[in-house]
Structure formats: C-alpha cells, structure tokens
Amino acid sequence: MYREVIEQLGEAVEAQVMVLSEPMMQANIETVLAKAPPTFVLAGTSYGGSIALEVALAAPERVSALWLMGCNPAAPDANVQELVGGLEAMPDAVIDMLAGLAVPKESTEAAEAFKAMASRIGGKAGAAQARALGSRSEASSRLGALQMPVLVIWGEADQIVPASVGQALADALPHAHFHVLPGCGHLPTLEEPAKCAELFVGFLKNEASQAH
C-alpha cells in the first residue's frame with residue numbers, strides 16, 4: 001500500500017507501517033499510541049484512515065499532521081456485519097469482490113497487488129478489521145476539534161467511499177487540504193504513488209513554512 005510512496009519520500013520521513021487487526025477500535029488506537037513516537041504525522045487509507053482519525057481525536061497533542069484517504073467518518077454501515085461473515089466463511093471470494101470495487105477495472109496491477117496483500121493478511125484478520133470498523137462511533141460531529149493540518153486525498157472513481165464523502169470530510173476539518181485524483185479508485189497510494197508522494201511532500205513543506 002505504501003511501499004512506493006515511502007521509497008519516493010526517501011529521507012523526508014522515517015516511516016513506520018502498522019497492520020492493526022484488533023477487533024475493537026479502542027484497542028487499535030491504544031496500539032498505535034503505544035508504538036508511535038511522542039509526536040508524529042499519521043497516514044491512513046480506508047480502515048486505516050478511520051483508525052488515524054480516532055487516534056487524532058484521542059491524542060491530538062501527539063498528532064502533528066494527518067493524511068487521510070478513503071475513510072468515512074459517519075456511523076458504521078449495517079453491512080459491516082455481512083463483510084465480517086463473508087471474510088470468515090469465504091475470504092477468497094470476498095477479497096476478489098473487494099478488489100473489483102477498490103480499483104478501476106483497467107488497474108489490473110493494482111488489483112492483483114490488493115488481492116496479494118489481502119490474502120497475506122487473511123480472512124480471520126480481515127474479519128477482525130471489519131469488526132473494528134463496526135465498533136467505532138461516528139466521528140463526523142467531532143471533526144471540528146481537530147486543529148492539526150490534514151491532507152485529504154481521494155480517488156475520483158472511488159466506488160467504496162465516494163469523493164463527495166471526502167469533500168464533506170475536508171469541509172468539516174478546520175485545516176484541511178483536499179485533492180481529488182482523476183481516474184483513481186479507493187487506494188491512492190497503490191494506484192498513484194508518485195502523485196501521492198508529491199502532494200504529501202508539498203503538504204509537509206507548506207505546513208512547516210507556516211509554522212515558522
């Protein structure tokens with residue numbers, strides 16, 4: 001998900017990638033805060049974006065900036081439980097279905113990468129992640145409390161969380177920068193790593209210059 005972006009960022013960041021599979025959102029938040037440095041920039045896509053939002057809300061003094069993609073701050077959808085059941089009973093079929101939704105049809109390389117990643121994580125961990133999504137409370141009404149700068153990047157062709165949700169998320173955050181990537185689906189860093197790295201570097205430089 002982030003390998004190519006991290007390679008392109010080079011020494012601009014000291015990256016720490018976490019795969020979080022606790023079935024309760026609160027446990028994932030605690031894991032991040034226990035492993036992260038005293039202050040840090042936090043990035044997350046989809047499920048990871050939801051965790052990033054919750055971490056920022058739980059410890060805003062530690063999160064110096066946020067980078068969010070493909071996450072929905074609204075209350076969990078009722079079909080999360082169907083996703084849990086599917087990942088437990090028929091993980092391969094559900095992963096194929098999600099890959100078809102996550103990336104545009106012409107992005108075959110990104111789809112294969114998604115399937116490989118999801119298969120490595122496995123149905124059991126995937127179901128736990130879906131459970132964690134279902135355990136969170138809505139964040140929409142709390143977004144105004146987040147005073148750190150936020151980079152919001154969205155795929156124009158996102159079929160899982162539409163770009164209109166990303167726009168509403170950015171509008172609700174006091175200091176957000178919103179970018180839509182044409183033709184991109186649900187996974188910007190996988191589909192458009194060069195563009196994402198460019199936007200992230202520009203975001204960090206802009207925020208650093210404003211801080212001084």
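Along the sequence shown, the residues carry numbers beginning at 1.
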_Please report the interatomic distance CG(Leu181) to NE2(His179), rounded to the nearest 0.5 Å._
9.0 Å
*For the pair Arg62 (side chain) and Ala36 (backbone), establish whether a donor and an acceptor sit closer than 3.5 Å, ignoring hydrogens and angles.*
yes
*Using a 4.5 Å cut-off on heavy atoms from C-beta on, say whether the side chain of Leu83 contacts that of Leu87.*
yes
*Could you state the interatomic distance from CD1 (Ile95) to CD1 (Ile121), rounded to the nearest 0.5 Å?*
9.5 Å
_Tell me if the NZ atom of Lys115 is crowded by more than 12 foreign heavy atoms within 6.0 Å._
yes
*Write down the atom of Ser137, the atom of Arg142, and the distance for their closest heavy-atom approach.*
OG-NH2, 3.4 Å
_Using modelled atom types and a 3.5 Å cut-off, is there a donor and acceptor pairing between side-chain atoms of Glu22 and backbone atoms of Met24?_
no
*asked:* Let's go through Trp154 and Leu169 carefully: what are the C-alpha distance in whole Å and the side-chain angles of both, what is the deciding distance for side-chain contact (heavy atoms from CB on, under 4.5 Å) to 0.1 Å, and is it a yes or a no?
replied: CA-CA 11 Å; Trp154 230 265; Leu169 171 64; 3.9 Å; yes
_Sidechain-backbone polar pair: Tyr47 side chain, Cys71 backbone, donor-acceptor under 3.5 Å_ = no
*Verdict with reasoning, Val19 to Ser21, per side-chain contact (heavy atoms from CB on, under 4.5 Å)*: CA-CA 7 Å; Val19 179; Ser21 303; 4.2 Å; yes
*Is there a side-chain contact between Leu20 and Gln129, using heavy atoms and a 4.5 Å cut-off?*
no
*Evaluate the side-chain proximity of Leu66 to Leu151: yes if any heavy-atom separation is below 4.5 Å, no if none is.*
no
*Hey, does the side chain of Glu156 reach the backbone of Val180 with a donor-acceptor pair shorter than 3.5 angstrom?*
no
*side-chain contact (heavy atoms from CB on, under 4.5 Å) between Val17 and Ile6, worked out*: CA-CA 10 Å; Val17 180; Ile6 291 168; 3.7 Å; yes
*asked:* So, taking the atom named CG in Leu190 and the one named CE in Met1, what distance separates them when rounded to the nearest 0.5 Å?
replied: 6.5 Å
_Check whether Glu191 reaches the backbone of Gly185 with its side chain - one donor and one acceptor, N or O, closer than 3.5 Å._
yes
*Without swapping roles, check the side chain of Glu138 against the backbone of Pro76 for a donor-acceptor pair under 3.5 Å.*
no
*asked:* I'd like to know if Leu53 and Val165 are part of one continuous hydrophobic network [Ile/Leu/Val/Met/Phe/Trp/Tyr, side-chain heavy atoms within less than 4.5 Å].
replied: yes
*Heavy atoms only: give me the nearest Ala170-Ala176 pair and the separation to one decimal.*
O-CB, 3.5 Å
*Is there side-chain contact between Val152 and His177, with heavy atoms separated by less than 4.5 Å?*
no
*Report whether Leu146 and Phe178 are members of the same hydrophobic cluster (ILVMFWY, side-chain heavy atoms less than 4.5 Å apart, transitive linking).*
yes
*asked:* With a 4.5 Å cut-off on side-chain heavy atoms, are His186 and Ser46 touching?
replied: yes
*For the side chain of Thr45 and the backbone of Met69, is there at least one donor-acceptor N/O pair under 3.5 Å apart?*
no
_Please tell me whether Val84 and Ile160 are part of a single hydrophobic cluster in this structure, the criterion being side-chain heavy atoms less than 4.5 Å apart._
no
_Is the distance between the ring centroids of Phe200 and Trp67 under 6.0 Å?_
yes
*Looking only at non-hydrogen atoms, find the nearest pair between Ile29 and Ala58 and report the distance.*
CG2-CB, 3.9 Å
*Does a side chain donor of either His175 or Gln147 reach within less than 3.5 Å of an acceptor in the other side chain?*
yes
*Does the side-chain contact (heavy atoms from CB on, under 4.5 Å) test come out yes or no for Leu33 and Phe40, once each step is laid out?*
CA-CA 10 Å; Leu33 292 173; Phe40 53 97; 4.2 Å; yes
*Is the side chain of Ser135 donor-acceptor paired with the backbone N or O of Met25 at a distance under 3.5 Å, no angle test?*
yes
_Can you give me the closest heavy-atom contact between Ser64 and Val41, atom names plus distance?_
OG-CG2, 3.5 Å
*So which heavy atom on Leu57 is nearest to which on Pro60, and how close?*
O-CD, 3.6 Å
_Do Ser50 and Arg136 make a side-chain contact, defined as non-hydrogen atoms from C-beta onward lying under 4.5 Å apart?_
yes
*asked:* Any non-hydrogen side-chain atom of Gln8 less than 4.5 Å from a side-chain atom of Val201?
replied: no
*Say whether, by atom type as modelled, one donor and one acceptor occur between the side chain of Asn79 and the main chain of Glu82 under 3.5 angstrom.*
no
_Quick check: is Val5 connected to Met18 through a chain of hydrophobic side chains (ILVMFWY, heavy atoms under 4.5 Å apart)?_
yes
_Heavy-atom side-chain contact between Lys35 and Gln16 under 4.5 Å_ = yes
*Would you check if the side chain of Ser107 reaches a backbone N or O of Val103 as a donor-acceptor pair within less than 3.5 Å?*
no
*In the single-linkage hydrophobic clustering (I, L, V, M, F, W, Y; side-chain heavy atoms under 4.5 Å), do Leu9 and Tyr2 co-cluster?*
yes
*Taking atom types as modelled, is there a side-chain donor on Glu30 or Gln26 under 3.5 Å from an acceptor on the other?*
yes
*Kindly give the heavy-atom pair with the smallest separation between Ile153 and Pro188, and that separation in Å.*
CG2-CB, 4.0 Å
